[in-house]
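Scroll down for the structure; my scribbles are underneath it.
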Amino acid sequence: MIDFLQQLNDVQRQAVQTTEGPVMVLAGAGSGKTRVITYRIAYLIGEENVAPHQILALTFTNKAANEMRQRVDELLHSGSSRGLWIGTFHSIFARLLRNYIHLIGYDGNFSIYDSDDSKSLIRQVMKELNIPVDAVPVNTVQGIISKAKNSFILPDQFHAQASDYNGQKAAQIYEVYVRKLRENNALDFDDLLIKPLELFQAQPAVLEQLQHYFRYILIDEYQDTNKAQYLVAKSLAAKHRNIFVVGDDAQSIYSWRGADITNILNFQDDYPEASVFKLVENYRSTQTILQAANGVIKRNRRQIEKELVSRQSSGEPLTLLESFNEKREAEKVGEYIRTWKLTKGFDYKDFAVFYRTNAQSRVLEDIFRMDRIPYRIFGSVSFYKRKEIKDAVAYLRFIRNDQDTESLLRIINFPPRKIGEVSIGKLRDYALTNNSSLYEAILKAEEADFPARLRNALQGFIAVIEQLKDIAKEGSVYDVLSALYESTGITSLLQAENTPESMARYENLQELLSMARDFSDHNEGTNGLNDFLNGISLATDYEEVQEDDNYVSLMTVHAAKGLEFPVVFITGLEERLFPLNYYESDELEEERRLFYVAVTRAQQKVFLSWAKSRYYYGQPQTCMKSMFIDEVDSSILITESGKKQSNGSVSEKKQSIERCNGRTPVPSSVSKSGGNSSSDERSSGLKSGTRVHHAMFGPGIVLSVQGTGERQKAKIKFRNVGEKTLMVQYANLTFEQ
DNA sequence: AACTTGCGTATTTTT
DNA sequence: TACGCAAGTT
């Protein structure tokens, strides 16, 4: 037996050694999930002599993929992971599609559109279809389309299903959007998952080949897979049935992005012969922390039962911080960090502050800056989303794929070449009448009766592009990029501008160039540009945590998943903030899982914090304590003065009784003015926080109630149509089940 | 093309 | 309240 197996507990070892047939590992927080996957891969290669290329390991983040690869190398010997197919769903399928997509009518040099690119394409489609963007927000449309794609519902089917007006419009947009993507020879993120499915349907032989090729399939974070990912994995595993999935249903927090928790809940329906292992031994947190987490998550109905067991002593109780507003909350967090640092030997980097929404980071930042507490915010704007980077990348994409109109429009007049909107309109018309791509139209512009000035400008642009195309044929990515900076002058323009902003952009472009150099040094393959672009489009974790840095980490709970910290502050624990507005019990359950994730990040200590008042959109709002605080076993929760919580004061309990909802008791919350309007509420039973259903507008939550009797009006926030003020007597509201 | 103004919107965001 | 985006202004 390979000696590294000694480092596993019994269940982990069994999971690693059960190499044949379907396996599901339910890995609770901190139970050594990554360890099991990496050891299994190492075991397959080192003990079972499986060739690395026969193993396909799919993750959700590049970071996870890189870590795994590295750990496999460490377990065996450097270089053993060579040939292993390990990466994110998106990057692995992008790679496969580069080879096979010509079979379904795309060019292998396709561009990959990120969500901003696809948004701009949708905007353009809506313009063409004369659908005003203020009627249906672009974001909403994008969400609808993405959701459809994630569920593998193609335009035809979507069209057939669309019942209401909005659905019809969305179907129309969806159809044209898909057509445009194809014309641009571009794939959006969702396409990277569904094009393989289309490929498998159209070319069963390819599927068969891949099924044969990938003997072992491993999937990390299985609870986060969506329908398309589920289907791809299922298709690929159909032959050998060696599918190994690891996940934790209790940490499923991405349903709003299409993740389907039923994939993990129903794994055994698809694979009745599956071996199932539950990892519940937790190596991260104290008993007390796990007691809190277990107690909370138990309240969810949709779950696979398991209770985390700590390998550690009981540790400290959780501390509840109550503040009169969010500023005071931030100050308190700062104070605790400072005193704990001084008196208990913690360092800044041992603390993390979590919040439900990004907007909450602001106060924390302000206070920390004043208090001189070093901090770092995670999840700010990605490097690759910066304008100058996107511009440079658009050049690279376009050089590779000149059907990519999105990229073309981005660069045609950047830097300014006197090719403005009017000229572009002419070119578009010209392309349309000649039934050609936009760039073909530009190439033929000499023949058209355009003004000489425009023809000159276009020639200049063509010269730049064609020169770069030539360099790309022989040269490295670095060569192309530096030639691009040179011939377009984008870097010297920024330098000349010489403002702090322009210099920051200049630095970013230099950073991109050094990344290209680094890439070119390590990748000699012929497909350099494609691989580089793949990496950029699908990368997120550009910001690396520097080991030696010492700062407090600030992040959303979502961003915290997978991380751990000695001391954790969970802030903004108020109704309607955490849990955030929810309309159904499923959504509340996801909020609860999110809270569970937050608590289980902590190794030694958790602070739960809420504020009685908080600014929302410039208005101070009265807040109610989150139900999650009350869900923590009161015997392990103390106040700042060290007292045990008496599980909520009597008066608070009374207020928080919800009368109109059948299923889950929800404490009512935030009343608009903060004043009491209880006399108004009694007549209809409506009050702020009541969840209602309107025949036209669908589900909503009452924000405030004014007046009584016949003249009573309610301000209601609807899930789909936003806020409305309605006369209660006409609105015919029903209480949501 | 660079400015201003006004409007709408304001959850989470692994790719 | 504040920010980003789109249209309007010079």
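Order of the sequence lines sets the chain letters (A, B, ...), proteins ahead of strands, with each chain counted from 1.
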Criterion side chain to side chain donor-acceptor pair (under 3.5 Å) on A:Ser609 and A:Glu329, from CA distance to verdict:
CA-CA 7 Å; A:Ser609 170; A:Glu329 173 182 55; 2.7 Å; yes
Ranking B:dT11, B:dA1, B:dT12 by distance to the side chain of A:Pro416, first place goes to B:dA1
Practice task
Can you tell me, in whole Å, how much space there is between the C1' of B:dT11 and that of C:dA6?
Solution key: 24 Å
Practice item. Quick one: label A:Asn358 by what it contacts on the DNA or RNA (base, sugar-phosphate, nothing), any heavy atom closer than 4.0 Å. Key: sugar-phosphate
| said: Has A:Asn300 got a side-chain atom pairing as donor or acceptor with A:Gln303's backbone, closer than 3.5 angstrom? | reply: no
Between A:Thr556 and A:Ile419, whichever has its closest DNA chain B nucleotide further toward 5' is A:Ile419
A:Gln251 CD to B:dT14 P, in whole Å, measures 16 Å
Taken to the nearest whole Å, CG/A:Asp116 to P/C:dC5 is 9 Å
Rounded to whole Å, the OH-C1' distance (A:Tyr616 to B:dT9) equals 16 Å
Of A:Asn139 and A:Asn413, the one whose closest nucleotide on DNA chain B sits nearer the 5' end is A:Asn413
message: When you compare the ring of A:Trp256 with the six-membered ring of B:dT12's base, are the centres less than 5.5 Å apart and the planes under 30° from each other?
response: yes
Atom CG of A:Asn226 and atom C1' of B:dT12 are separated, to the nearest Å, by 17 Å
**Message:** If you compare every side-chain N and O of A:Arg362 against the phosphate oxygens of C:dC3 (OP1, OP2), does one of them come in below 4.0 Å?
**Reply:** yes
Picking from B:dT11, B:dT14, C:dC3, the nucleotide nearest the side-chain atoms of A:Tyr617 would be B:dT11
Practice prompt. Go through the steps for A:Asn184 and A:Tyr113 under the test side-chain contact (heavy atoms from CB on, under 4.5 Å), then give the verdict.
Written response: CA-CA 10 Å; A:Asn184 286 354; A:Tyr113 284 0; 3.2 Å; yes
Using a 4.0 Å heavy-atom cut-off across all strands, classify A:Tyr615 as base, sugar-phosphate, or nothing. nothing
Inset, instruction - Test side chain to side chain donor-acceptor pair (under 3.5 Å) on A:Asp404 and A:Ser111 and set out the steps. - result: CA-CA 7 Å; A:Asp404 184 349; A:Ser111 301; 2.6 Å; yes
### Test item: A:Ile122 and A:Met126 side chains (from C-beta on) under 4.5 Å apart, heavy atoms
yes
A:Phe595 CZ to B:dT12 P, in whole Å, measures 19 Å
Of the listed B:dT11, B:dA1, B:dT13, the closest approach to the A:Ala559 side chain comes from B:dT13
A:Arg257 atom CZ is separated from B:dT13 atom P, nearest whole Å, by 10 Å
- request: Answer with base, sugar-phosphate or nothing: what part of the nucleic acid does A:Arg593 contact at a heavy-atom distance below 4.0 Å?
  value: nothing
Rounded to whole Å, CD1 of A:Ile253 lies from C1' of B:dT12 at a distance of 8 Å
note: A:Asp224, atom CG; B:dT13, atom P; distance rounded to Å ~ 13 Å
